[in-house]
Amino acid sequence: MLNEKIAALINNQVNKEFYSAYLYLEFANYCEELGLDGFANWYEIQAKEERDHAIIFRRYLLDNGYRVTMEAIDKPTHQLNSANDVFKAGLKHEQYVTALINAIYAEAFAQHDFKTMQFLDWFIKEQVEEEKNAEDLVKKMELFGNDSKSLYLLNQELGSRAYMPTPMLKGE
């Protein structure tokens, strides 16, 4: 059995990951409205990955004898006025998710819950990648986002991204 505080933090993370998927679908919707189907594709795949993360956290709780409580998913409230606003909001959100995962890790460390710390190691590494990807997108938009040819090429690049199920998923 997990420590109750750690289990509660992980249960909260399940719901935060589903919110992340919901948020990224909202970003995809906005990009579609701008005619940036490649950008939309990138965020649709991000949404799938976040859903995967929620499922993995959920499975961890279930495998450790903890009942998962699903909460309502908040409506995204970001004010978006440009594609770069989407990328900046995405970066800020990834930094928030990193802080949430770090808090779970810190509590697991304090409780000497080495099993949970080991489980979280993959997510810690994943968040480094997520933040780097988000930072790169912000930088690219700041470098050449106003140039229509460069924006076209970036849209093409993001449109070529394909979904790959998260390796930690069992049976998928």
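Side chains are part of it too, since the values below use all heavy atoms of this structure and drop only hydrogens, waters and symmetry mates.
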_Do N155 and D37 pair up side chain to side chain, a donor and an acceptor below 3.5 Å, judged on atom types alone?_
yes
*More than 12 heavy atoms of other groups within 6.0 Å of F144 CZ*: yes
*For K48, what residues pass the salt bridge (Lys or Arg N to Asp or Glu O under 4.0 Å) criterion, not counting sequence neighbours?*
none
*Compute the centroid of each ring, for Y30 and then for F27, and state whether the two points are separated by less than 6.0 Å.*
no
*Mind checking whether L120 and Q118 have side chains closer than 4.5 Å, heavy atoms only?*
no
Please list, one pair per line, the donor and acceptor atoms closer than 3.5 Å that link side chains of residues 4-13 to other protein atoms, with sequence neighbours excluded.
| unit_1 | atom_1 | unit_2 | atom_2 | d |
| --- | --- | --- | --- | --- |
| N11 | OD1 | T69 | N | 2.8 |
| N11 | ND2 | T69 | O | 2.8 |
| Q13 | NE2 | E17 | OE2 | 2.8 |

*Would you sort out whether T116 and Y105 count as a side chain to side chain donor-acceptor pair (under 3.5 Å), showing the intermediate values?*
CA-CA 8 Å; T116 298; Y105 197 96; over 6 Å; no
_Qualifying residues under side chain to side chain donor-acceptor pair (under 3.5 Å), relative to D147, sequence neighbours excluded_ = S150
*Check ion pair E157-K140 (N to O, under 4.0 angstrom)*: yes
_Can you tell me how the ring of F109 sits relative to the ring of H112, calling it parallel under 30°, perpendicular over 60° and tilted otherwise?_
parallel
*asked:* What I'd like to find out is whether the side chain of K88 reaches to under 4.5 Å of the side chain of N84, using heavy atoms alone.
replied: yes
_side chain to side chain donor-acceptor pair (under 3.5 Å), that's the test. Do Q46 and R161 meet it? Break it down for me._
CA-CA 10 Å; Q46 279 299 107; R161 183 180 184 200; 2.8 Å; yes
*Among L25, V86, L158, N29, whose side chain to side chain contact (heavy atoms under 4.5 Å, CB included) with Y43 holds?*
V86
*Check: T98/E131 side-chain N/O donor and acceptor closer than 3.5 Å*: yes
_Aromatic contact between H93 and Y19, with the criterion being ring centroids under 6.0 Å apart: yes or no?_
yes
_Are F123 and F57 an aromatic pair, judged by ring center distance below 6.0 Å?_
yes
_D74 vs Y22 side-chain heavy atoms within contact, under 4.5 Å_ = no
*Does the side chain of Y163 come under 3.5 Å of the side chain of N41 through a donor N or O and an acceptor N or O?*
no
*Do N15 and E71 meet the criterion of a side-chain donor-acceptor pair at a distance under 3.5 Å?*
no
